[in-house]
Amino acid sequence: METDITTRLTTLGHPQRLAVFRLLMRRYPDRVPAGEMSAALGIKPSTLSAYLSALTQAGLVTQHRVATSLQYSIAMDAVNATVQDLYNDCCRGRPDLCAPAPLGHNPMTQTTYNVLFICTGNSARSIFAESILRKEAGDRFIAYSAGTMPRSDLNPFALEVLRQKGHDISVLESKNVSAFTGPDAPAFDFVFTVCDQAANEECPAWSGQPVSAHWGMPDPVKATGTDAEKSLAFQRAYGALHNRIKLFTALPLATLDRMSLQKAVDDIGRNKEETR
């Protein structure tokens, strides 16, 4: 047992191996291609391969072959066991000092929930999600969106889709996630990333430990072809997010404990249906 802990802590003691581990934790339960991690972290593929090999050998990461590519995900059972072993070994006799913070097994019982949707540019997908939740959820949720590298202008195709669907676009603007980190920022109950690049980036450590999940989907901004073909890509992105938010707002939040709620929002992110 001690050998496992020592190996895993030593493996995570390297800054870039830790960065890889953190990225995979942010994306859990997704399987992430090595090439995507290399691009997100700015690590050469050969170097990243060595880091992933070390994490895999330490039992912290699992490897999956999909066609001709390799994808990686966190070995959550091993991670949980490592944390528990470390707690039992190092805190023996002093649980009052280092007992882990409770995960919050009690259901969420408040009547209003703050939800933040994050994307890279905050110009399309996160704007869609904010608008859909605001319109569909009544007074139960207060919706926000932000970007890790926001654009100054909202995407015109996205705005046209929102107009067609009857959304109020006058309240929308592109914002950086830093706008929600000050002392006057709302305390979020849920934080969702809706594009892969944002999920790969370090975001603020949100106070209150909000429930978070990755709801990534194809970027309609990258669509090519005629204006009609581009518009169709935005319609599909809107439809996919509408489906996911409909599932989210239907969850019985007042009866689900935190672990069940986390699984539920993760499962919604795996819903690949793209049209309404």
Side-chain angles (χ1 to χ4, degrees), residues 23 26-27 30-42 45 64-72 115-136 143-177 192-201 203 213-248 267-276:
L23 187 153
R26 291 194 295 276
R27 293 291 301 274
D30 287 0
R31 297 175 179 179
V32 184
E36 187 175 322
M37 286 186 280
S38 176
L41 297 172
H64 314 269
R65 180 169 291 280
V66 179
T68 59
S69 67
L70 292 175
Q71 298 182 357
Y72 297 85
V115 184
L116 176 64
F117 296 98
I118 300 176
C119 201
T120 303
N122 193 212
S123 68
R125 286 166 289 183
S126 54
I127 291 292
F128 279 166
E130 175 188 355
S131 300
I132 293 167
L133 184 60
R134 181 177 292 123
K135 182 180 179 182
E136 301 292 335
Y144 304 86
S145 71
T148 56
M149 298 178 62
R151 299 178 176 89
S152 58
D153 297 318
L154 303 180
N155 186 280
F157 285 97
L159 292 178
E160 181 57 30
V161 170
L162 291 173
R163 287 192 191 96
Q164 293 173 7
K165 302 294 185 181
H167 294 279
D168 178 8
I169 65 172
S170 66
V171 297
L172 300 176
E173 60 177 326
S174 186
K175 302 172 294 298
N176 192 283
V177 291
F192 301 121
T193 51
V194 292
C195 64
D196 289 340
Q197 189 170 343
N200 288 342
E201 296 175 6
C203 283
H214 175 54
W215 290 357
M217 61 184 58
D219 186 0
V221 175
K222 295 181 179 179
T224 59
T226 65
D227 282 355
E229 290 169 329
K230 293 177 182 177
S231 179
L232 180 59
F234 283 86
Q235 293 281 357
R236 286 175 172 167
Y238 178 96
L241 283 164
H242 187 278
N243 287 337
R244 292 178 182 185
I245 290 171
K246 187 176 181 180
L247 292 171
F248 170 61
D267 288 344
I268 290 173
R270 299 189 186 99
N271 177 13
K272 301 303 182 184
E273 185 181 356
E274 301 216 346
T275 56
R276 254 184 102 177

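Values reported hereafter were calculated over all heavy atoms of this structure, with side chains retained and with hydrogens, waters and symmetry mates removed.
Listed by chain and residue number, Asp168 satisfy the side chain to side chain donor-acceptor pair (under 3.5 Å) test with Ser170 (two or more places apart in sequence, or in another chain). When the side chain to side chain contact (heavy atoms under 4.5 Å, CB included) test is applied to Pro33, the partners found at least two apart in sequence or on another chain are Glu36, Gln71. Listed by chain and number, the residues in a side chain to side chain contact (heavy atoms under 4.5 Å, CB included) with Asp153 amount to none (sequence neighbours excluded). Applying the side chain to side chain donor-acceptor pair (under 3.5 Å) test to Ser123 and every residue at least two apart in sequence or in another chain returns Arg151. Scored by the salt bridge (Lys or Arg N to Asp or Glu O under 4.0 Å) test, Arg31 finds no partners at all (sequence neighbours excluded). For Leu232, the side chain to side chain contact (heavy atoms under 4.5 Å, CB included) criterion is met by Arg236, not counting sequence neighbours. In this structure, the side chain to side chain contact (heavy atoms under 4.5 Å, CB included) partners of Glu173, at least two apart in sequence or on a different chain, are Lys175. Shown here are the ring-ring contact (aromatic ring centres under 6.0 Å, His included) partners of Tyr144, two or more places apart in sequence or in another chain: Phe180, Phe188.
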Item to check | Working for side-chain contact (heavy atoms from CB on, under 4.5 Å), residues Ser126 and Ile118 | outcome: CA-CA 6 Å; Ser126 54; Ile118 300 176; over 6 Å; no
Checklist entry - Is there a side-chain contact (heavy atoms from CB on, under 4.5 Å) between Val194 and Trp215 once you walk through the steps? => result CA-CA 5 Å; Val194 292; Trp215 290 357; 4.3 Å; yes
Checklist entry - Which is it for Leu241 and Phe117 under the side-chain contact (heavy atoms from CB on, under 4.5 Å) test, yes or no, and what are the steps along the way? => result CA-CA 11 Å; Leu241 283 164; Phe117 296 98; 5.9 Å; no
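Considering CG of Leu162 and CD1 of Ile169, their distance stands at 7.0 Å, rounded to 0.5 Å.
With hydrogens and angles disregarded, no donor-acceptor distance shorter than 3.5 Å links the side chain of Ser231 to the backbone of Asp227. Looking only at distances, a side-chain donor or acceptor of Asn155 sits under 3.5 Å from a matching main-chain atom of Phe157.
For the salt bridge (Lys or Arg N to Asp or Glu O under 4.0 Å) condition, the pairs that include at least one residue of residues 121-134, sequence neighbours left out, are Arg125-Asp219, Glu130-Arg134.
Scanning both residues, Ala237 and Pro220, for their nearest heavy atoms gives CB-CG, 3.9 Å. In terms of heavy atoms, Asn122 sits closest to Ser145 at ND2-OG, 3.0 Å.
Taking a 6.0 Å sphere around NZ of Lys246, one finds it holds 12 or fewer heavy atoms contributed by other residues, nucleotides or ligands.
Classified by interplanar angle (parallel below 30°, tilted 30° to 60°, perpendicular above 60°), the ring pair Phe234/Phe128 is perpendicular.
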